[in-house]
2 protein chains.
Amino acid sequence: MSKINLSQQGIKNTKQRKCVLEVLEEANSPIDAMEILNRVNEKGVKMWISTIYRILEIFTEKGIVIKNTFFGEEKATYELNKHKHTHYARCLSCKKILEIDLCPMESFIPTVKDEKFYITGHRLEMYGYCDKCNKKRG
Amino acid sequence: MSKINLSQQGIKNTKQRKCVLEVLEEANSPIDAMEILNRVNEKGVKMWISTIYRILEIFTEKGIVIKNTFFGEEKATYELNKHKHTHYARCLSCKKILEIDLCPMESFIPTVKDEKFYITGHRLEMYGYCDKCNKKRG
DNA sequence: TCTTTACTTGCGATTTATTCGCATTTGCAT
DNA sequence: ATGCAAATGCGAATAAATCGCAAGTAAAGA
């Protein structure tokens with residue numbers, strides 16, 4: 001049972017939305033829309049990709065999910081908003097996505113050249129190679 | 001006159017490539033393919049968008065340009081690789097892109113949860129509102 | 001429980017960024 | 001100058017994401 005109450009968010013609690021939510025709760029890294037569709041199908045629920053996109057859009061608006069496009073990728077990924085500050089490292093070889101322990105921004109106040117800028121958030125991605133792929137590279 | 005010698009990079013020195021290079025040299029922030037086409041056209045050079053993409057692809061391969069997709073955007077931007085460590089701040093309202101003075105990563109060694117990970121690079125984006133847009137928001 | 005209605009989804013067409021295919025053209029080494 | 005591999009012109013093809021509309025459904029009220 002999900003901790004997120006959709007009706008409380010002012011949106012209807014449909015079978016499709018519950019299913020997408022379930023998939024996102026079970027995912028252990030950000031996934032794209034097509035992957036969500038696959039996992040939804042595996043649960044025996046039939047849905048159209050446009051519905052998936054519409055659900056993801058409204059979830060993003062409501063702050064339930066976080067949408068992101070990784071460096072060098074063409075499609076967006078989605079993950080549940082855990083309301084905790086998280087960054088990822090992505091393997092350039094196998095594309096695996098790993099969570100980073102610490103955030104360097106906590107003790108850092110950046111300045112923008114010659115301009116005032118009001119920072120509301122930031123995105124940090126590390127890239128490189130995971131242990132396995134690094135060994136293969138030699 | 002450009003400092004970059006295309007023949008030295010093993011690729012032919014065509015009118016089109018020189019023109020794209022010129023546009024990138026004159027740009028003061030990352031721009032997308034269509035914007036490059038516009039600026040090329042303004043210089044009186046006719047080119048197809050597919051040619052722009054092909055040139056950008058080979059420039060990226062050669063390390064002459066850096067391709068990036070900003071948070072929440074659908075299209076990629078391109079900028080000349082200045083071979084210096086740069087990060088940007090992007091205004092969520094007017095989409096202006098500003099350069100950040102410092103890099104917090106310099107004094108930071110991140111660790112990846114339960115895994116070894118060999119970091120070769122990173123990407124950091126700040127987002128928020130520039131002075132002008134912030135005033136409009138009130 | 002039954003209606004009503006506004007919100008959602010099914011379904012497919014459309015848009016937009018980007019890539020591909022192929023004939024023609026053009027750098028550039030000889 | 002000549003020849004050939006590489007690059008471009010041109011347009012068709014892909015793929016991610018969005019849109020439009022009719023039909024279906026959640027949920028608030030009678």
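Residue numbers start from 1 in every chain, and the chains themselves are labelled A, B, ... in the order their sequence lines are given, proteins ahead of strands.
Atom NZ of B:Lys43 sits in a crowded spot, with more than 12 heavy atoms from other residues, nucleotides or ligands closer than 6.0 Å.
Neither OP1 nor OP2 of D:dT18 sits under 4.0 Å from any side-chain N or O of A:Tyr53. Considering only side-chain N and O atoms, B:Lys75 lies under 4.0 angstrom from the phosphate OP1 or OP2 of C:dA17. Side-chain N/O atoms of B:Thr51 include one lying less than 4.0 angstrom from OP1 or OP2 on D:dG9.
Across the protein-nucleic acid pair, B:Ile52 atom CD1 and C:dT19 atom P stand 13 Å apart, rounded to whole Å. When rounded to the nearest whole Å, the span between CG of A:Leu37 and C1' of C:dC11 equals 14 Å. Protein atom CG of A:Asp32 is 8 Å distant from nucleotide atom P of D:dA16, rounded to whole Å. Here D:dA17 presents its P atom at 14 Å from CD of A:Glu35, a figure rounded to the nearest Å. For B:Asn13 and C:dC28, the CG to C1' distance is 11 Å, given to the nearest whole Å. Atom CD of B:Glu61 and atom P of D:dA6 are 13 Å apart (whole Å). Protein atom NZ of A:Lys18 is 19 Å distant from nucleotide atom P of C:dC7, rounded to whole Å. Between the CD1 atom of A:Ile49 and the C1' atom of C:dT8 there is a distance of 17 Å, rounded to whole Å.
Comparing C:dG10, D:dG11, D:dA27 against the side chain of A:Ser7 picks out D:dA27 as the nearest. Among the nucleotides C:dT26, C:dT9, D:dT18, the one closest to any side-chain atom of A:Lys67 is D:dT18. Of the candidate nucleotides D:dG9, D:dA6, D:dA17, D:dG9 has the atom lying nearest to any side-chain atom of B:Gln16. Distances from the side chain of A:Trp48 to the nucleotides C:dG10, C:dT18, D:dC10 place C:dG10 closest. Nearest nucleotide to the side chain of A:Ala76, out of C:dC7, D:dA17, D:dG11: D:dA17. When the nucleotides D:dA27, D:dA7, D:dA17 are ranked by their closest atom to the side chain of B:Thr14, D:dA7 comes out on top. Comparing C:dT8, C:dC28, C:dC20 by their closest approach to the side chain of B:Arg54 singles out C:dC20.
The minimum heavy-atom distance linking B:Leu24 with B:Ile36 is given by the pair CD2-CD1, 4.0 Å. Contact between A:Ala33 and A:Leu56 at its shortest, heavy atoms only, is CB-CD1, 4.1 Å.
In this structure, B:Ile11 and B:Met34 both approach DNA chain C, and ranking their closest nucleotides by distance from the 5' end singles out B:Met34.
A salt bridge does not link A:Lys18 with A:Glu22: none of the charged nitrogens is closer than 4.0 Å to a carboxylate oxygen.
Remark: the A:Ser50 side chain and the C:dC11 base include a donor-acceptor N/O pair separated by less than 3.5 Å.
There is no path of hydrophobic side-chain contacts, each under 4.5 Å, that joins A:Ile66 to A:Ile4. Following chains of ILVMFWY side-chain contacts shorter than 4.5 Å, one can reach B:Met34 starting from B:Val40, so the two form part of one hydrophobic cluster.
Across all strands, B:Lys15 comes closer than 4.0 Å to no nucleic acid atom at all (heavy-atom distances).
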